[in-house]
Amino acid sequence: MRTKVEQNGSGYKPEKRGDCMKLGSILGILMLATAIVYGEWKSSKEKRARILSAGFTAVAAVIGIILLFQPRLPGPTQFVKLIFGSVDQFMK
C-alpha cells in the first residue's frame with residue numbers, strides 16, 4: 001500500500017483544508033510555547049526553576065497538540081472524577 005506522499009508524487013499535499021489548519025495550529029502552539037520558555041528562561045536565575053517551567057510548558061504544548069487530533073479526549077475534570085470518584089463513594 002502506498003502512502004499519501006507516494007500517491008501524490010511530489011511531496012506532501014494535504015488532502016483537505018483541515019490538514020493545513022491543523023498544521024498552522026501546531027506551529028502556533030510550538031511558537032507560543034517557545035516564546036514562553038524563552039521568556040521564563042531569561043527572567044529566571046535558578047536552574048531548577050528554568051527546567052520546571054520548560055517542562056510544564058512542554059507538557060502543556062504536547063497536550064494541546066494531542067487535543068487537536070483527539071478533541072473528544074476527557075478533560076481534567078473527568079480525570080479527577082475517575083481518580084477520586086471511588087474515594088467519594090467510600091466516604092459516603
Side-chain angles (χ1 to χ4, degrees):
M1 182 173 188
R2 296 172 57 178
T3 63
K4 291 179 189 176
V5 173
E6 291 171 349
Q7 289 172 357
N8 291 335
S10 64
Y12 178 72
K13 293 182 182 173
E15 292 183 7
K16 48 188 168 173
R17 185 173 171 90
D19 290 343
C20 285
M21 297 298 286
K22 285 184 182 179
L23 181 63
S25 296
I26 291 171
L27 291 174
I29 290 170
L30 291 176
M31 286 175 51
L32 183 62
T34 303
I36 291 170
V37 169
Y38 179 75
E40 289 292 328
W41 198 272
K42 294 290 274 186
S43 67
S44 179
K45 303 286 186 223
E46 294 183 31
K47 183 177 181 181
R48 183 177 178 188
R50 289 178 172 181
I51 292 171
L52 283 174
S53 66
F56 284 134
T57 306
V59 168
V62 169
I63 290 172
I65 292 170
I66 290 172
L67 286 173
L68 281 175
F69 293 101
Q70 299 293 329
R72 293 183 178 228
L73 285 177
T77 306
Q78 289 89 2
F79 184 68
V80 170
K81 282 184 182 179
L82 176 69
I83 292 174
F84 295 110
S86 60
V87 173
D88 185 41
Q89 293 297 325
F90 179 72
M91 301 273 292
K92 286 183 180 180

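We use all heavy atoms of the structure for the numbers below, so side chains are in, but hydrogens, waters and symmetry mates are not. Here, residue 1 is the first one in the sequence, and each next residue gets the next number.
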Using modelled atom types only, decide if a donor and an acceptor are shared between the side chain of Ser44 and the backbone of Trp41 within a distance under 3.5 Å. no
To the nearest 0.5 Å, how far apart are OG1 in Thr57 and CG in Leu52? 10.0 Å
With clusters defined by side-chain heavy atoms of hydrophobic residues (ILVMFWY) lying less than 4.5 Å apart, directly or transitively, does Phe69 cluster with Ile29? yes
With a 4.5 Å cut-off on side-chain heavy-atom distances among I, L, V, M, F, W and Y, is there a chain of contacts connecting Leu67 to Val62? yes
Same hydrophobic cluster for Ile63 and Leu73, using side-chain heavy-atom links shorter than 4.5 Å among ILVMFWY? yes
Smallest separation among heavy atoms of Leu68 and Ser25, with atom names: CD1-CB, 3.7 Å
Separation between CG (Leu27) and CE (Met31), nearest 0.5 Å, reads 8.0 Å
Can you get from Met21 to Ile26 by hopping between Ile, Leu, Val, Met, Phe, Trp and Tyr side chains that sit under 4.5 Å apart? no
Quick one: pull up NZ in Lys81 and CD in Gln78 and give me the separation to the nearest 0.5 Å. 6.5 Å
